[in-house]
*Asks:* 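Here it is, the structure, as structure tokens.
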Amino acid sequence: MARRSTTRIIGGRLLQALPVIFLATFIVFSILKLIPGDIAVTLAGDNATDARLDEIRALYGLDQPFFVQYGAWLWKAVQGDLSRSLLSGEPVIAAIARQFPNTLLIVFIAIIISLTVGVPLGIAAAIKPGGVIDRLVTFVSSLGIATPYFWLGMLLVDLFALRLNWLPATGAKSLSVAPLDAIQHAILPAMAIAAGGIAAISRQLRASLMDILSSQFVRTLTAKGLSPSAILWKHGLKNVGVNLLTVTGLLVNNMLAATVVVEAVFAIPGMGNLIVRAAIQRDLPMVQGVIFAMVIVVILVNLITDLLCATIDPRIEA
Amino acid sequence: MDAMTAPAPSDTPLLSIRGLGIRFRTAQGDWQATRDVSFDIARGERLGIVGESGCGKTITGLSMLRLLPPRVATVEGTIGFEGKNLVDCAARDMRRVRGRRIGMIFQEPMSALDPVFTVGDQIAESLRVHQTISKADARARAIEMLKRVGIASPERRVDDFPHQLSGGMRQRVMIAAALICQPQLLIADEPTTALDVTVQAQILDLLRELSASSDTALMLITHDIGVVAESCTRMLTMYAGEVIEDAPVDDALRRPLHPYTSGLLRSLPHLSERRSKLPSIPGRVPTLNMPTGCRFQPRCSHATQGCERPQALLDAGDRPGSGRRVRCWRFRDIDLPGVVH
Ligand SMILES: Nc1ncnc2c1ncn2[C@@H]1O[C@H](COP(=O)(O)OP(=O)(O)OP(=O)(O)O)[C@@H](O)[C@H]1O
Ligand code: SF4
Ligand SMILES: [Mg+2]
């Protein structure tokens, strides 16, 4: 049974992925086409003649109708070719391979922080609703949700980098080039986006654990002679597992989006950095490629979340 | 075996409840849900508890394993069991009674099992809480227990999750988990109300059979006097938070001593049929303004002057010490019809 539902989940997810990839890239393509500005001008230089501009447009297919351009890009993309940057000529895949690890590193550290702080807080709050820890969690998580992470990022830079000089503020290198350096640089941005993560996880865990602990089967367990702690750690945690995984999956997606801003604050050479630069310069293949990669990662995260949920909760069948 | 499980002299009851009162703290103030509840359960006895909705059957059962919400409920009186008072013994001692010496099953087998553990795990868990036993042995015992409660191909079912079983099977699983430690007493609170009619009879037969074959006492809470007539040896009638009659089933059916019990019986069409729900008796259970003295006064056709005197459960045995008790001032004067002649 479990195996059948696994293949069903994977199949269903992949089918869902196709229209998402299609829609996301199409929308981004349209937006970049609609807003004013012309890459041909950038490429040709300021005092290029009209003839030279036309030449360049023809060279890159920019003179083709909108749908043809999109179709051509998509056709190559599904074959694994994300084209080259219009500006640097670098293969888009290579740029992504260089920058994505930095972004993933930030998100990874942020998730670890969110879980290690948020889970104990949520459990402590659920055990004694209305108690000191519970009220503290409610307060801190309201703060965590209300604080914009770019602002928090700047506060962190001010405190840890400029005043205490513990961690570097900017100047990160790529993870593949200088791993230790990249990790050091990832800590502050990760902390900035982890605040919201801690808030989300502790809140969600508190609510769903309280829900579970007040359900009927807990009375059965008590009547069987289990201690309150056995009920909490064995039955309570397994029952909230699905909820926790779902929140964590959503959080990964949100954090990927948040890195766009946070990377700018900390000048991290990640995906956010890549897409912002490419968008400003109208480097269409680059923007498209980054979106494409992001969507695939989001889909993978959702898929993994669903598969894990199905192994925890036998009632889930895609 | 430790001292706790050493057999007591056979004339002392297995469980002895005296002056049990349950009080709830509510938004409208304190509310005394039951008072002066006293009864015994003998070894191997099958006691049926009946009474209208809200009279306090469930909370009495829950209080015996101390399962009432501690923040809102206060319990007074004593529940004597194997040398301890379950009302105030240490939490540790209480846990050693729960599931091991007294088992309990509930009305809703759908929600009473943990959805993310297999039924085998949950049956074996009852055993593993109370004794050191290997996982494999516990599993073998769980399979054996599933077989005893009448589940077909238990070797396969042991790995099923609750949602894969029907309501009747889940209740069988509950029974298996409650009886695997061979407790002295099983409390069953309306164990069949949520089930299909045909399944109800099977579960009741199973409970009676298991109770008889393993000499486990049964406390069966039900709305259905027919069930008591068929499954139980003694019947306890409750009204508005009090025990109003306590008698061997045959006596209670033939010659009820309390007008309320008589009213319940009289409107039973065919006692032999199982689906005879508690009939309606004119009037409602008083909740806020309890009458002084007999609480049944406003609905009683035999009420007269004197019924408002403070009232206790009176010994009404034909022979002294026969254990028949009734809470009615006039039980000697009035002759009430029963159902069996
Ligand atoms: N947690 C609680 N807080 C306040 N009052 C409660 C609580 N639990 C039960 N009661 C009250 O105690 C009284 C007895 O309830 P109980 O559930 O024992 O009735 P019952 O005889 O089992 O009825 P039924 O046949 O409907 O199951 C009811 O009036 C009920 O409202
Ligand atoms: S004491 Fe009086 S009112 Fe109460 S049941 Fe007996 S006769 Fe009726
Ligand atoms: Mg009840």
Side-chain angles (χ1 to χ4, degrees), chain A residues 1-6 8 125-131 134 205 208-247 305-318, chain B residues 58 61-62 64-71 91-119 121-131 159-164 170 173-174 177-181 183 186-187 189 194:
Chain A
M1 181 219 96
R3 237 170 291 125
R4 226 185 86 218
S5 77
T6 306
R8 278 236 300 276
I127 292 175
K128 238 179 172 298
D134 184 26
L205 194 60
S208 48
L209 194 54
M210 277 173 63
D211 199 42
I212 294 296
L213 291 180
S214 64
S215 55
Q216 293 277 312
F217 71 78
V218 170
R219 190 175 64 182
T220 309
L221 296 173
T222 310
K224 292 202 299 191
L226 268 75
S227 65
S229 66
I231 291 175
L232 171 72
W233 297 110
K234 182 176 173 192
H235 293 269
L237 284 198
K238 188 159 184 199
N239 271 278
V240 295
V242 167
N243 247 308
L244 188 59
L245 272 171
T246 311
V247 184
T305 311
D306 286 357
L307 289 176
L308 287 176
C309 285
T311 61
I312 292 183
D313 193 330
R315 289 165 300 179
I316 297 178
E317 288 201 42
Chain B
T58 293
L62 290 175
M64 290 161 68
L65 282 185
R66 223 195 274 165
L67 295 174
L68 290 168
R71 284 160 198 266
R92 254 187 78 88
D93 291 339
M94 191 69 233
R95 284 207 294 275
R96 286 171 60 75
V97 170
R98 288 177 182 148
R100 192 173 75 104
R101 308 300 297 158
I102 302 180
M104 185 157 187
I105 61 173
F106 302 96
Q107 181 171 344
E108 293 287 344
M110 310 297 160
S111 50
L113 290 163
D114 186 334
V116 302
F117 286 86
T118 64
V119 296
D121 277 344
Q122 296 187 62
I123 297 169
E125 185 176 44
S126 300
L127 205 56
R128 288 162 58 89
V129 187
H130 296 296
Q131 48 182 272
D159 293 320
D160 275 0
F161 288 93
H163 74 277
Q164 294 168 289
R170 285 185 228 191
V173 168
M174 287 290 295
L179 291 182
I180 196 167
C181 291
L186 177 68
I187 303 172
D189 187 358

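So you know, we letter chains A, B, ... as the sequences are listed, proteins then strands, and number each from 1. Hydrogens, waters and symmetry mates are skipped; everything else that's a heavy atom, side chains included, is used.
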*Asks:* Donor-acceptor check, side chain of A:Lys238 to backbone of B:Val116, threshold 3.5 angstrom: yes or no?
*Replies:* yes

*Asks:* Can you tell which of B:Ala177, B:Ser111, B:Pro162 has the highest number of heavy-atom pairs within less than 4.5 Å of chain A?
*Replies:* B:Ser111

*Asks:* Is B:Leu62 in contact with chain A via its backbone, its side chain, both, or neither, using a 4.5 Å heavy-atom distance?
*Replies:* side chain

*Asks:* What is the distance from atom CD of B:Glu108 to atom CD of A:Gln216, rounded to the nearest 0.5 Å?
*Replies:* 7.0 Å

*Asks:* Could you pull out the closest heavy-atom pair between B:Arg95 and A:Pro228, with the gap in Å?
*Replies:* NH1-CD, 3.9 Å

*Asks:* From A:Asn239 CG over to B:Asp114 CG, what is the distance, rounded to the nearest 0.5 angstrom?
*Replies:* 4.5 Å

*Asks:* Does any heavy atom of chain B fall under 4.5 Å from the side chain of A:Ser215, the backbone, both, or neither of them?
*Replies:* neither

*Asks:* Decide yes or no for B:Phe117 and A:His235: does some side-chain heavy atom of the first lie under 4.5 Å from some side-chain heavy atom of the second?
*Replies:* yes

*Asks:* Report which part of A:Leu221 has an atom under 4.5 Å of a heavy atom belonging to chain B: side chain, backbone, both, or neither.
*Replies:* side chain

*Asks:* Under a 4.5 Å heavy-atom cut-off, does chain A meet the side chain of B:Met94, its backbone, both or neither?
*Replies:* neither

*Asks:* What heavy-atom pair brings B:Phe161 and A:Pro314 nearest, and what distance separates the two atoms?
*Replies:* CD2-CG, 3.2 Å

*Asks:* Taking side chain as everything from C-beta outward and backbone as N, CA, C, O, which of these in B:Leu65 sits under 4.5 Å from a heavy atom of chain A? Side chain, backbone, both or neither.
*Replies:* side chain

*Asks:* So which of B:His130, B:Met104, B:Glu125 actually passes side chain to side chain contact (heavy atoms under 4.5 Å, CB included) with A:Lys224?
*Replies:* B:Glu125

